[in-house]
Amino acid sequence: MPADTGGPSGLDALQTLLATARGLVTDLTTDPLLERILRAFRMLPEADREPILRVLEKDAAWRRVVEETSGATGITVCPNPHASLYVHVLDQVTREPLVPGPLQRDGDVIRLGIETFVRLLPLFFQEGVHAQWTAAAREIVRASDAELRGFAVRLAREVLALVDEAVAKGVGAAPAPTASVPEQRHRSKG
């Protein structure tokens, strides 16, 4: 007979799995809105389903971003009861569908968020504040997963490239504040 490891048995794991599945099925079968969503989705032409699903996913992600950043940006959103997932195609001459670009709204909100953050940059380098934000950032980075740290590295590199591009074009070629040792190391690597 194998020794008891003190962990959950196969039966305990199965019971947990069944309880989780039961809870999921209950959530799915008792939500009247979900049934309506599925009925409406099935009414759509099959070729339209993928692009409409991408719109829903994009707006769901957008809603989450706005919710998490509203304290800093002052921007909130609400559902548009007059929205449409379809655009009118008026180009009857070539019969080629018009491809809409990204929404100006999205670009404006992203720009406002970035501008708000950029205006705070001098604050990060004030005496006393620098040590506090680096300590907080260090804890956050250590608690973050590899994917999030990868995004942070990518963002830092892209920002450095944008600054280098602006300096190369003679835009804002004023002397930069003293670089930290890691930043000097990065710049020397080119």
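- Residues Leu17 and Val25 are members of separate hydrophobic clusters, defined by side-chain heavy-atom contacts under 4.5 angstrom among Ile, Leu, Val, Met, Phe, Trp and Tyr.
- More than 12 heavy atoms of other shown residues, nucleotides or ligands fall within 6.0 angstrom of atom CD in Gln15.
- Under the salt bridge (charged side-chain N to carboxylate O under 4.0 Å, His left out) criterion, Glu50 pairs with Arg54, sequence neighbours left out.
- Leu155 is not connected to Leu148 by any chain of hydrophobic side-chain contacts under 4.5 Å among Ile, Leu, Val, Met, Phe, Trp and Tyr, and they are in different clusters.
- In the hydrophobic clustering of this structure, Phe117 groups with Trp62; members are Ile, Leu, Val, Met, Phe, Trp, Tyr whose side-chain heavy atoms approach within less than 4.5 Å, directly or through other members.
- Sequence neighbours left out, the pairs with a member in residues 59-73 that pass salt bridge (charged side-chain N to carboxylate O under 4.0 Å, His left out) are Asp59-Arg105, Arg63-Glu67, Arg64-Glu68.
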Donor-acceptor list for residues 131-143 side chains, cut-off 3.5 Å, not counting sequence neighbours:
unit_1	atom_1	unit_2	atom_2	d
Trp133	NE1	Phe124	O	2.9
Thr134	OG1	His130	O	2.9
Thr134	OG1	Ala131	O	3.1

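- At a threshold of 4.5 Å between side-chain heavy atoms, the hydrophobic network of Ile, Leu, Val, Met, Phe, Trp and Tyr places Val118 and Ile75 in one connected group.
- Note on residues 108-128: pairs passing salt bridge (charged side-chain N to carboxylate O under 4.0 Å, His left out), not counting sequence neighbours, are Arg111-Glu115.
- Under a hydrophobic clustering in which Ile, Leu, Val, Met, Phe, Trp and Tyr are joined whenever their side-chain heavy atoms come within less than 4.5 Å, directly or via other members, Phe151 and Leu160 fall into different clusters.
- Sorted by first and then second residue, the side chain to side chain donor-acceptor pair (under 3.5 Å) pairs with a member in residues 16-33 form an empty list; sequence neighbours excluded.
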Tabulate below the donor-acceptor pairs under 3.5 Å that side-chain atoms of residues 36-49 make, not counting sequence neighbours, or state none.
unit_1	atom_1	unit_2	atom_2	d
Asp48	OD2	Tyr86	OH	2.6
Arg49	NE	Phe41	O	3.3
Arg49	NE	Leu44	O	3.3
Arg49	NH2	Arg42	O	2.8
Arg49	NH2	Leu44	O	3.4

